[in-house]
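First up is the structure itself, then whatever we jot down about it.
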Amino acid sequence: MKKLLALISDSYHEFKHVSTITTCAMFGAMSIVLNQLATIRVTPNLKIGFGALPNELVDYLFGPVVGGLFGGAMDVIKFMLKPDGGFMPGFTFNAMLAAFIYGLFFYKKNLSLPRILTAKLVVIVLCNIVLGTYWLTLLNGKGFLAILPARAIKNLIQWPVDSLIFFLVAKTLEQAGVFKLILHAGNRQRR
């Protein structure tokens with residue numbers, strides 16, 4: 001429990017660094033561009049996109065607190081730029097919760113494919129399948145069990161693909177020294 005509280009406290013203190021804010025702004029811009037250009041709507045309740053990749057990099061670099069606030073802010077900003085139906089605060093909560101979970105799994109830890117697969121599975125089941133489906137039922141009035149199977153299948157198919165993409169992108173950026181450069185700008189060192 002002390003490790004968890006220390007992790008959350010360390011993430012909170014990331015806000016002291018200007019480089020945290022500037023890096024979040026850069027990743028936020030990338031997330032918006034990916035959301036606008038690389039999102040495919042399969043059905044009214046199913047869409048596939050890559051706008052979450054920059055968000056996950058923020059979660060890895062700065063932890064659950066910064067990631068959670070960044071995820072919530074990005075959800076609202078993306079909605080304002082490209083409204084898709086009515087605004088549902090539940091989806092903003094999902095974005096914050098998913099980022100918080102990723103931050104707990106990734107922050108100050110070595111990234112490995114099993115760690116990423118586990119984190120993504122937790123987020124997929126809790127945030128995307130259960131809560132996301134519930135928010136959609138409230139938003140458009142369709143029954144939970146009517147839209148659950150398609151959402152579950154889509155998320156479970158996308159799970160290993162998204163995990164592998166995040167792993168490859170993060171490892172490439174790490175090997176290129178991008179993370180060290182970002183953290184060094186804020187006078188921090190990676191574990």
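Below, all heavy atoms of this structure are taken into account, side chains as well, without hydrogens, waters or symmetry copies.
- Within 6.0 Å of the OH atom in Tyr12, the count of heavy atoms belonging to other residues, nucleotides or ligands does not exceed 12.
- In terms of hydrophobic clustering, with Ile, Leu, Val, Met, Phe, Trp and Tyr side chains grouped at heavy-atom distances under 4.5 Å, Tyr134 and Ile124 are assigned to a common cluster.
- A distance-only check finds no donor-acceptor pair linking the side chain of Arg115 to the backbone of Phe106 [under 3.5 Å].
- Cluster annotation: Val76 and Met30 are assigned to distinct hydrophobic clusters (Ile/Leu/Val/Met/Phe/Trp/Tyr, side-chain heavy-atom contacts under 4.5 Å, transitive).
- Side-chain contact check for Ile21 versus Phe15: some heavy-atom pair is nearer than 4.5 Å.
- Residues Lys142 and Ile147 approach most closely at CD-CG2, 4.1 Å, considering heavy atoms.
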Practice task
Check step by step if side chain to side chain contact (heavy atoms under 4.5 Å, CB included) holds for Ile116 and Glu56.
Solution key: CA-CA 10 Å; Ile116 293 169; Glu56 293 164 4; over 6 Å; no
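- Closest of all the heavy-atom pairs between Glu174 and Tyr60 is OE2-OH, 3.2 Å.
- Heavy atoms only, all atoms of each residue included: Val58 and Phe70 are closest at CG2-CE2, 3.8 Å.
- With hydrogens and angles ignored, the 3.5 Å screen pairs no side-chain donor or acceptor of Ser31 with any backbone N or O of Phe27.
- Between the side chain of Ser11 and the backbone N or O of Ile8 there is no donor-acceptor pair closer than 3.5 Å.
- For the pair Lys82 (side chain) and Ile32 (backbone), a donor-acceptor distance under 3.5 Å is absent.
- Heavy atoms only, all atoms of each residue included: Ser9 and His13 are closest at O-ND1, 2.7 Å.
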Exercise for the section: I would like to know whether Asn35 and Leu81 meet side chain to side chain contact (heavy atoms under 4.5 Å, CB included); could you show each step before the answer? Expected result: CA-CA 10 Å; Asn35 188 59; Leu81 291 173; over 6 Å; no
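- Arg151 is not listed as a side-chain neighbour of Leu148, based on a closest heavy-atom distance of 4.5 Å or more.
- More than 12 heavy atoms of other shown residues, nucleotides or ligands fall within 6.0 angstrom of atom CZ in Phe144.
- Shown here for Leu111 and Phe167, the closest heavy-atom pair between the two residues is O-CE1, 4.1 Å.
- Residues Val33 and Leu57 fall into different hydrophobic clusters, defined by Ile, Leu, Val, Met, Phe, Trp and Tyr side chains chained together at heavy-atom separations under 4.5 Å.
- Remark: Met88 CE to Phe93 CZ distance equals 12.5 Å, nearest 0.5 Å.
- Atom CG of Leu183 and atom NE2 of His17 lie 9.5 Å apart (nearest 0.5 Å).
- Taken together through direct or relayed side-chain contacts under 4.5 Å among Ile, Leu, Val, Met, Phe, Trp and Tyr, Leu69 and Phe79 form parts of separate hydrophobic clusters.
- Between atom CG of residue Asn55 and atom CE of residue Met74 there is a gap of 6.0 Å, rounded to the nearest 0.5 Å.
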Practice task
Show your working on ring-ring contact (aromatic ring centres under 6.0 Å, His included) between Phe166 and Tyr102 and close with a plain yes or no.
Solution key: CA-CA 12 Å; Phe166 176 68; Tyr102 286 138; 7.3 Å; no
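- Heavy atoms only, all atoms of each residue included: Cys127 and Ala98 are closest at SG-N, 3.8 Å.
- With rounding to the nearest 0.5 angstrom, the NZ atom of Lys120 is 5.0 Å from the CG atom of Asp162.
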Practice task
Test side chain to side chain contact (heavy atoms under 4.5 Å, CB included) on Phe87 and Thr92 and set out the steps.
Solution key: CA-CA 9 Å; Phe87 179 74; Thr92 304; 3.4 Å; yes
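- Note that the CG atom of Leu7 and the OH atom of Tyr107 stand 7.0 Å from one another [nearest 0.5 Å].
- In the hydrophobic clustering of ILVMFWY residues, with side-chain heavy atoms under 4.5 Å counting as a link, Leu34 and Met26 come out apart.
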Practice task
Run the numbers on Met1 and Leu4 for side chain to side chain contact (heavy atoms under 4.5 Å, CB included), then give the verdict.
Solution key: CA-CA 5 Å; Met1 187 62 160; Leu4 177 64; 4.2 Å; yes
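- Atom CG of Leu173 and atom CD1 of Ile182 lie 7.5 Å apart (nearest 0.5 Å).
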